[in-house]
Amino acid sequence: MKAAITLLVVLLLPAAVALGQDHPTVTAQPNTVFVGADGKFEANPDTALVQFNISAQEDNSRAAYDRASKAAEQVRQILRANGIETTVAQLGYFSIEPVFDYTKAKRKLVAYKVTVDVSLKLKDFTKIAPIVQQLSDGDITDEQSISYLLDDMDAAKTKAVEDAYRRARASAEAVARAGGRTLGELSYASVDTFENIRPMPMHPMARMSAMVQSAPAPTEQFSPQTTSVTAHVNAMFTLK
């Protein structure tokens, strides 16, 4: 994508310079050049987010809680078996609620249901398939989903800002040369960053048979969808 560049050269007379709607109002100084430029950084996802739930229903709340606790311990064992610290499992939602039978005129309490939503952030993508398979084999959950994201967003924003600044300075240097001047020091700058995240839909995952596991993935040799971060830098330089 070509950078969008806005240029304003101020050589002699000070003036109040009002830029477009997305740019700040800057008081121009003599012998300065003001430039604005867009920068961009794209990166492949570095984290897989595995989400699933633990659900248990029993005649009484204590029995439902105990059953959910056993399922949670199974999850911990699966994580340990795959060399993953159990602390990476994060609890997103926990509830104990009564289940009623509404088929008769007066509702009847028939059971209690415990629901726990769990999420795992994995950096090692090779561990995804074994964990998903073992969760399914253990009959721990009927709902699983996987999405991919860029976890280190701050580093991506920094790179986008650096790219925007390089473009802004290059434009300022071109203007200075064209006017027979030399570009001086940076005297003012403003920065805006934007996360152009394209979320991947999280589809429930069905159980995988041994045949499917041994076969090549349908998406083999495909490229991962990237996360794009853009930045806009406004900068004012002195002219020598």
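Values in this document were obtained by computation on a predicted structure and should not be read as measured data. Positions are given from 1, in the same order as the sequence printed here.
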- Closest non-hydrogen contact found for S69 with R76 is O-NH2, 4.2 Å

- Answer whether the closest heavy-atom distance between the side chains of N31 and T238 falls below 4.5 Å. no

- Message: Between L49 and I146, is the side chain to side chain contact (heavy atoms under 4.5 Å, CB included) condition met? List the steps.
- Response: CA-CA 6 Å; L49 178 62; I146 298 178; over 6 Å; no

- Item | For T32 against Q29, the heavy-atom pair lying closest together | OG1-O, 2.6 Å

- So, do D117 and Q51 sit near enough that their side-chain heavy atoms are less than 4.5 Å apart? no

- The reported gap from OG in S119 to CG in L91 (rounded to nearest 0.5 angstrom) is 8.5 Å

- Item | Heavy-atom check, side chain of V75 versus side chain of L135, under 4.5 Å | yes

- Would you say the side-chain atoms of K127 pair up with the backbone N or O of N82, donor to acceptor, closer than 3.5 Å? yes

- If every non-hydrogen atom of F41 is compared with every non-hydrogen atom of A160, which pair is closest and at what distance? CB-N, 3.9 Å

- Item | Verdict with supporting geometry, N234 and F34, side chain to side chain contact (heavy atoms under 4.5 Å, CB included) | CA-CA 7 Å; N234 294 306; F34 182 84; 3.6 Å; yes

- Please test V229 against M153 for side chain to side chain contact (heavy atoms under 4.5 Å, CB included), starting from the C-alpha separation and ending with a verdict. CA-CA 8 Å; V229 178; M153 187 60 69; 3.5 Å; yes

- Task: Please say whether more than 12 non-hydrogen atoms of neighbouring residues, nucleotides or ligands are located less than 6.0 Å from NZ in K123.
- Result: yes

- Message: Would you call the rings of Y165 and F237 parallel, tilted or perpendicular, taking 30° and 60° as the class edges?
- Response: tilted

- Query: Rounded to the nearest 0.5 Å, how far does CD1 of I131 lie from CD1 of I78?
  - Reply: 8.0 Å

- Do N44 and T227 touch side chain to side chain, with heavy atoms closer than 4.5 Å? no

- Measure from NZ or CZ of R107 to the centre of the six-membered ring of Y102 and say whether it is under 6.0 Å with the direction within 45° of the ring axis. no

- Can you tell if the side chain of L183 reaches within under 4.5 Å of the side chain of R169, non-hydrogen atoms only? yes

- Rounded to the nearest 0.5 Å, how far apart are CD of E162 and CZ of R167? 13.0 Å

- Query: S228 versus T226: any side-chain heavy-atom pair under 4.5 Å?
  - Reply: no

- Compare all side-chain heavy atoms of L186 with those of Y188 and state whether any distance is below 4.5 angstrom. no

- Task: Return yes if a side-chain donor-acceptor contact under 3.5 Å exists between D38 and H232, otherwise no.
- Result: yes

- Item | CD1-CD distance between I140 and Q74, expressed to the nearest 0.5 angstrom | 4.5 Å

- Exercise: identify the closest heavy-atom pair between V175 and V33: CG1-CG2, 4.1 Å

- Is the shortest side-chain N to carboxylate O distance from D151 to K121 below 4.0 Å? yes

- is_close_aromatic(F125, Y148), centroid dist under 6.0 Å: yes

- Got V118 and I54 here, is their nearest side-chain heavy-atom distance under 4.5 Å? yes

- V132 and V88: same hydrophobic cluster, using ILVMFWY side-chain contacts below 4.5 Å? yes

- Can you tell me how far the CD atom of Q133 sits from the CD1 atom of I128, to the nearest 0.5 Å? 14.0 Å

- Item | Heavy-atom closest pair, residues G39 and A164 | N-CB, 3.4 Å

- Do E58 and R67 meet the salt-bridge criterion of a basic N to acidic O distance under 4.0 Å? yes

- Message: Is there a side chain to side chain contact (heavy atoms under 4.5 Å, CB included) between R80 and T86? Walk through the geometry before answering.
- Response: CA-CA 7 Å; R80 295 189 193 103; T86 57; 3.9 Å; yes

- Item | salt_bridge(K159, D163) N-O dist < 4.0 Å | no

- Message: Salt bridge or not between R62 and D66? Use side-chain N to carboxylate O under 4.0 Å.
- Response: yes

- Nearest-0.5 Å distance, CG of residue D46 to CG of residue L149: 7.0 Å

- Closest heavy-atom pair, Q144 versus S136, reported as atoms and distance to 0.1 Å, is NE2-OG, 2.8 Å

- Message: Keeping D124 on the side-chain end and T126 on the backbone end, is there a donor-acceptor pair under 3.5 Å?
- Response: yes

- Between the side chains of N53 and T141, does any donor sit under 3.5 Å from an acceptor? yes

